[in-house]
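The next block holds one structure in the form of structure tokens; read it before the comments.
Here is how names work: the chains are called A, B, and so on, in the same order as the sequence lines, proteins then strands, and each is numbered from 1. A quick note: this is a predicted structure, and the numbers were derived from the prediction, not measured.
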Amino acid sequence: MTELHRIAYYFRRKHFAMFGLILVLALVTVAILAPQIAPNDPHAVSRARFLSPGEDARYPLGTDNLGRCVLSGVIYGARVSLFVGLAAAATSTFIGILIGSLSGYFGGKTDAFLMRFTELFMTIPRFVLALIVVAFFGSGLDRLILVIGVLSWPGAARLVRSEFLSHRNLPYVDSGRVSGMSHLRLIFVEILPNIIPPVIVVATLDVATAILLEASLGFFGLGDPNLRSWGGMLSQAQSHIRSAWWMSVFPGSAIAVTVLGFNLVGDGLNEAANPRMQIEGGST
Amino acid sequence: MSGSGMSLWRYAALRIVQSLPLILGIIVINFLLINLAPGDPVTALIGEFPAPAEYIETVREQFGLDQSLGMRMLTYIGNILQGELGFSFNYRVPVLELVLGRLGRTLVLMITTIVFATAVGLGLGIMAAKWKDSPLDKLAVGFATVGYSIPVFWSGQLLILLFAVRLGWLPSSGLRSTRIAYEGFALYGDMARHMILPVLALSLRYIALTTRLTRSSLIETLNSDYVVAARTRGIPATRILWNHGLRAAATPIITIIGYHFTFIVAGSALVETVFGWPGVGRLMYESIGARDYPTLLGILLMVSIAVIIVNLITDIVYAFIDPRIKYD
């Protein structure tokens with residue numbers, strides 16, 4: 001716990017990181033309380049099309065081409081973005097831990113093979129592959145999470161591997177090995193808990209990239225068709241960009257603020273956990 | 001320190017050989033996608049079009065669809081290696097021809113972006129590192145953090161809203177003006193005007209990334225022992241920055257050009273869609289709408305191979321300029 005206390009101590013002293021944390025917490029609150037906060041049903045179409053913000057008090061941020069409330073769409077969209085972002089990052093972190101720990105712990109041929117496999121996944125243009133998978137298999141929320149998660153683990157795997165490499169010959173691991181502990185116990189009970197802080201950093205930055213990827217897919221018309229998402233709203237805004245700026249500005253700001261929040265928290269945790277090391281986030 | 005003493009040429013050859021399994025892996029992934037897709041694999045190979053029965057039969061035969069899965073895979077790999085990427089029913093041309101025909105426009109966008117963004121990002125990163133903790137540094141870091149968080153397609157829409165809709169300074173879409181038929185130099189000028197906004201949109205995230213990396217690696221280098229030693233010997237700060245700092249900082253920058261090439265590929269697909277730029281990215285968007293799967297799979301394959309080649313080149317350049325690297 002002392003390690004986590006130390007990180008929390010340094011983290012609290014970073015204003016930008018705390019600002020990011022507040023953003024994230026505020027967004028989580030908005031997502032949870034969406035039915036209470038949203039002024040309208042986000043899916044309800046009306047005749048009040050293309051109302052600009054402030055034109056009608058019932059639609060504070062205006063309406064879209066189908067007369068749907070933009071504010072309610074932005075509020076409900078937080079649910080989609082956060083859920084996909086968090087679940088996909090959890091998936092990719094889980095896979096990354098599994099592959100990275102086996103690779104780093106066993107080394108040798110296992111490591112060589114798993115790292116080539118990782119390299120393959122780093123090489124594939126994630127966005128293009130995700131587009132094709134979603135186009136083939138459909139774009140339900142569960143499938144979006146799975147696709148983004150399965151395509152995003154290499155960063156976590158490489159980090160976990162390098163941590164395991166530096167731990168695997170430390171005295172505490174050697175003594176565990178000598179006392180007859182199984183490999184599984186050494187990997188998951190003895191070593192893994194010691195490398196949690198850097199893994200959390202990568203996982204946090206992965207949430208940000210997962211949200212960006214989900215929004216990009218939504219912009220290509222491949223979001224969950226039954227939900228209003230920020231990417232989907234921007235896709236509709238594209239057709240009306242010359243007449244209805246509010247359809248673009250508000251959902252886009254929501255994405256930017258959310259991604260910024262997670263990036264700030266991730267950067268802050270990174271600096272707090274290891275003042276000298278810098279972990280760079282992945283790419284869309 | 002060149003550890004194993006391998007020559008650069010041997011290293012380059014080794015890296016090329018190491019890339020071959022990656023290319024094979026990508027072909028296998030394409031194959032799996034086709035065969036795991038719901039329904040008949042022939043749909044994935046043709047797209048959802050009412051194709052003539054004879055054509056379906058030809059495709060079945062060409063890809064050996066009545067054979068076992070293992071044989072089918074070998075047939076598929078064979079077809080791909082011969083450049084046989086299928087036929088786009090949507091455009092009525094072979095996929096390879098279709099993608100190559102659009103590649104130039106995408107490359108123009110991407111290369112301009114890489115050059116512009118690297119230059120700006122380097123400049124900002126150097127200034128930020130040189131005047132660390134100054135207001136300028138804070139501004140650069142803030143810009144980089146925010147720029148890194150904005151989705152490329154939204155920055156594209158914002159640029160359209162500001163420069164095309166509000167100010168009316170620049171065109172918002174297309175490759176060239178349709179109303180006036182420019183010729184010669186005027187045509188290039190017109191196309192350049194159409195490129196400004198897409199390049200800016202695509203550059204933002206790349207500038208942010210380059211700024212961050214240049215800044216952090218320069219600061220690390222400037223704090224390293226040999227630079228501190230140079231400083232105590234009375235060598236002027238600017239000369240240290242140019243002689244030691246930048247040379248050491250160049251390597252991570254080259255690496256990100258390679259490593260983030262996949263990002264710029266995704267980014268250009270989105271940006272081309274926002275700005276109606278008729279390149280490979282826009283083709284991808286159209287192909288999704290048209291359920292033109294062979295085109296999508298062909299793009300995936302070609303882009304993946306391009307990424308492997310770019311990574312290969314950056315690795316070799318990296319080894320070439322950094323004598324400290326160990327070839328292993």
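- Taking the centre of each ring, A:Phe136 and B:Tyr293 come in below the 6.0 Å mark.
- Heavy atoms of other residues, nucleotides or ligands lying less than 6.0 angstrom from CZ of A:Phe50 number more than 12.
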Could you go through A:Ile211 and A:Val84, starting from their C-alpha distance and side-chain angles, then the distance that decides it, and tell me whether this counts as side chain to side chain contact (heavy atoms under 4.5 Å, CB included)?
CA-CA 7 Å; A:Ile211 289 174; A:Val84 173; over 6 Å; no

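- Only the side chain of A:Leu222 comes within less than 4.5 Å of a heavy atom of chain B; its backbone N, CA, C and O stay farther away.
- A salt bridge does not link B:Asp133 to B:Lys138: none of the charged side-chain nitrogens sits closer than 4.0 Å to a carboxylate oxygen.
- Residue contact with chain B, scored on non-hydrogen atoms closer than 4.5 Å, is absent for A:Val134.
- In terms of heavy-atom pairs under 4.5 Å with chain A, the best-connected choice from B:Thr273, B:Ile299, B:Ile150 is B:Thr273.
- We find that A:Arg228 and A:Asp64 are joined by a salt bridge, their nearest charged nitrogen and carboxylate oxygen being less than 4.0 Å apart.
- Residue contact with chain A, scored on non-hydrogen atoms closer than 4.5 Å, is absent for B:Ile305.
- At a threshold of 4.0 Å, the pair B:Asp137-B:Arg215 counts as salt-bridged, since one of the basic side-chain nitrogens sits closer than that to a carboxylate oxygen.
- Using a 4.5 Å cut-off between heavy atoms, B:Phe153 touches chain A through its side chain atoms alone.
- Of the atoms belonging to B:Ile288, it is side-chain heavy atoms, and not backbone ones, that fall under 4.5 Å from chain A.
- Neither the backbone nor the side chain of A:Thr258 comes within contact range of chain B, judged by heavy atoms closer than 4.5 Å.
- Using a 4.5 Å cut-off between heavy atoms, A:Ala215 touches chain B through backbone and side chain atoms alike.
- Between B:Arg102 and B:Glu286, at least one side-chain nitrogen of the basic residue sits less than 4.0 Å from a carboxylate oxygen of the acidic one, meeting the salt-bridge criterion.
- Counting heavy-atom pairs closer than 4.5 Å to chain A, the top residue among B:Ile264, B:Thr43, B:Leu161, B:Leu296 is B:Leu161.
- Both the backbone and the side chain of B:Leu297 come within contact range of chain A, with heavy atoms under 4.5 Å apart.
- The contact between B:Ile160 and chain A is made entirely by side chain atoms (from C-beta outward), counting heavy-atom distances below 4.5 Å.
- Classified by interplanar angle (parallel below 30°, tilted 30° to 60°, perpendicular above 60°), the ring pair A:Trp153/A:Phe121 is tilted.
- Both the backbone and the side chain of A:Leu120 come within contact range of chain B, with heavy atoms under 4.5 Å apart.
- The contact between B:Arg291 and chain A is made entirely by side chain atoms (from C-beta outward), counting heavy-atom distances below 4.5 Å.
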